[in-house]
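These numbers were taken from a predicted model, which means no experiment stands behind them. Proteins come first, then strands; the chains are lettered A, B, ... in the order of their sequence lines, and each starts at number 1. For the numbers below, each heavy atom of this structure counts, side chains included, while hydrogens, waters and symmetry mates do not.
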There are 2 protein chains.
Amino acid sequence: MASPSIETRTSPRRPRSILNKGTRFDQRLAEILTHATDVFCDKGYEGASMRDLSRASGMSLAGLYYYFESKERLLFLIQKHTFTTIVQRLKSRLEGVSDPEQQVRIFILNHLEYFLANPASMKVLSHEAEALKNGFASEVAAIKREYYRICVGLLDELKRERGLQFSTRIAVLSLFGMMNWIYTWHNPKVDADAEQIAREMGEIFLRGVMNGSRARKDGR
Amino acid sequence: MASPSIETRTSPRRPRSILNKGTRFDQRLAEILTHATDVFCDKGYEGASMRDLSRASGMSLAGLYYYFESKERLLFLIQKHTFTTIVQRLKSRLEGVSDPEQQVRIFILNHLEYFLANPASMKVLSHEAEALKNGFASEVAAIKREYYRICVGLLDELKRERGLQFSTRIAVLSLFGMMNWIYTWHNPKVDADAEQIAREMGEIFLRGVMNGSRARKDGR
DNA sequence: ACTAAATTCGAACGAACGTTCGACTTATAG
DNA sequence: CTATAAGTCGAACGTTCGTTCGAATTTAGT
């Protein structure tokens, strides 16, 4: 959780001194976001009260409102930062790789690695997807759509290259389901690490989508 | 949504007349559960107020408490009924089928058919899995565990019969993810019906879990 | 050291929350 | 028709909610 920085906020008047990166304000806000993420993760967005957030971050109830103007905007900041980060990491990892199968594996690994390294953030992103309204909702939805389209692109490319036949939509959404559901069951003391889970899910998904598909006629 | 019946409730003193099935009480409770399910589906358990439920079911706020003694118990009744029904249907459909692959296909079809026929109930079951506490939570968790174990059994049987090698836990949980995630995206105006989606997910999952697995050594 | 800006907080706001109570109305059985 | 039980409701309970305000404190520039 880091550096929401300049254009991300609107609450009080901005400090006029230009060139402040990683200011006290931004650092403190980031700390609050981290604690808030944990609380939202445990109690849900609606179930978490501002007093819970106050307690968790060690700041008074009123003090929180110096950093953001509403509980909803706080959730928005968490979701936007999380989603932006995962998309940006994906893009950088995808650079220079041209084999579509390898690209899909990277997509899965990137998603699961970030998920298991930031379980609270990702649970809040996955589980509270409907909690935001209007402008906040549509801005996060836009990032989600971009992320979704990237995955569609990879699978369409895989289909084209290998002459496969399957519904891209069902495939992509099944893959997201496999991956995102992990927040309901993953236990770091019992389950393998991200790399191995990514390998196993990747095997299931890629074999499932690739083998024998060429021969199928439509309908059945 | 139907017949919570005798042992399910505790609120007021029970009508002493034995042999009442489908009484006025049970019917009205079932209606309330249906409306409450829709509201919980739309606004979430925490986000839905008793006044929302009152409005949706056309009964006064106080009147609701004649049928159940708390909001939490209402959610419990919804989840327990939904989960019990889906397990019971599965068991009856599984009877007489012995081929493990066919059994897995039936499992998937049963799950998705019920999901798409009762989207609100299933969303409330999937999305509000952490909302209940203590006794309520553990009773639903017990049914979930039974359902999970059935699926594990089917996959272990498939593994044994065909000499496959994969982590049953990861496979089962991936399958649940694929299926349960559907509440976040399925649009009846755009997407296919349960039978076809079950076929496509079944293909992906079964091919993914079956093909080539025999040859793999451990570790890699 | 002085000052102005940045930061923090106690106290309170009105609204909404889940739940309860006693009185009222409707249905049922004799 | 009468009496008892089942069902319903308006009004209110105490609590907690998200948010605000003005005063107090801390920080940073000179």
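In this view, A/S49 and A/R51, A/D52 satisfy the side-chain contact (heavy atoms from CB on, under 4.5 Å) rule, not counting sequence neighbours. B/E128 meets the side chain to side chain donor-acceptor pair (under 3.5 Å) test with no other residue; sequence neighbours excluded. Scored by the salt bridge (Lys or Arg N to Asp or Glu O under 4.0 Å) test, B/R89 finds no partners at all (sequence neighbours excluded).
Within residues 40-50 of chain B, the residues approached by DNA chain C to less than 4.0 Å at the level of any non-hydrogen atom are B/A48, B/S49, B/M50, in residue-number order.
Spacing between atom CG of A/L53 and atom P of C/dT8 amounts to 16 Å, rounded to whole angstrom units. Note: CG (A/L74) to P (D/dG18) measures 11 Å, nearest angstrom. Taking atom NZ of B/K71 as the reference point, atom C1' of C/dT19 lies 12 Å away to the nearest angstrom. As a whole-Å value, the separation of A/E72 CD from D/dG18 P is 12 Å. For A/Y65 and C/dG10, the OH to C1' distance is 16 Å, given to the nearest whole Å. Rounding to whole angstrom units, CZ of residue A/F68 and P of C/dT8 are separated by 12 Å. Distance CZ (A/R51) to P (C/dA12): 14 Å, rounded to an integer number of Å. Taking atom CG of A/L64 as the reference point, atom P of C/dC9 lies 9 Å away to the nearest angstrom.
Between the side chains of A/E31 and A/Q27, not a single donor N or O lies within less than 3.5 Å of an accepting N or O.
Aromatic ring pairs are classed by plane angle as parallel below 30°, tilted from 30° to 60° and perpendicular above 60°; the pair B/F176 and B/F107 is perpendicular.
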Kindly list each side-chain donor-acceptor pair under 3.5 angstrom involving residues 139-154 of chain A, sequence neighbours excluded, with atom names and distances?
residue : atom : partner : partner atom : Å
A/E139  : OE2  : A/K80   : NZ           : 2.5
A/E146  : OE2  : A/K91   : NZ           : 2.6
A/Y147  : OH   : A/H111  : ND1          : 2.6

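For the pair B/T184 (side chain) and B/W181 (backbone), a donor-acceptor distance under 3.5 Å is present. At distances below 3.5 Å, not a single donor-acceptor pair connects side-chain atoms of B/T84 with backbone N or O atoms of B/H81.
In B/K159, the NZ atom is crowded: over 12 heavy atoms of neighbouring residues, nucleotides or ligands sit closer than 6.0 Å.
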Sort me out a list of protein N/O and nucleotides 8-11 of chain D N/O pairs below 3.5 Å, or just none if empty.
residue : atom : partner : partner atom : Å
D/dT8   : OP2  : B/Y67   : OH           : 2.4
D/dC9   : OP2  : B/S60   : N            : 2.9
D/dC9   : OP2  : B/S60   : OG           : 3.4

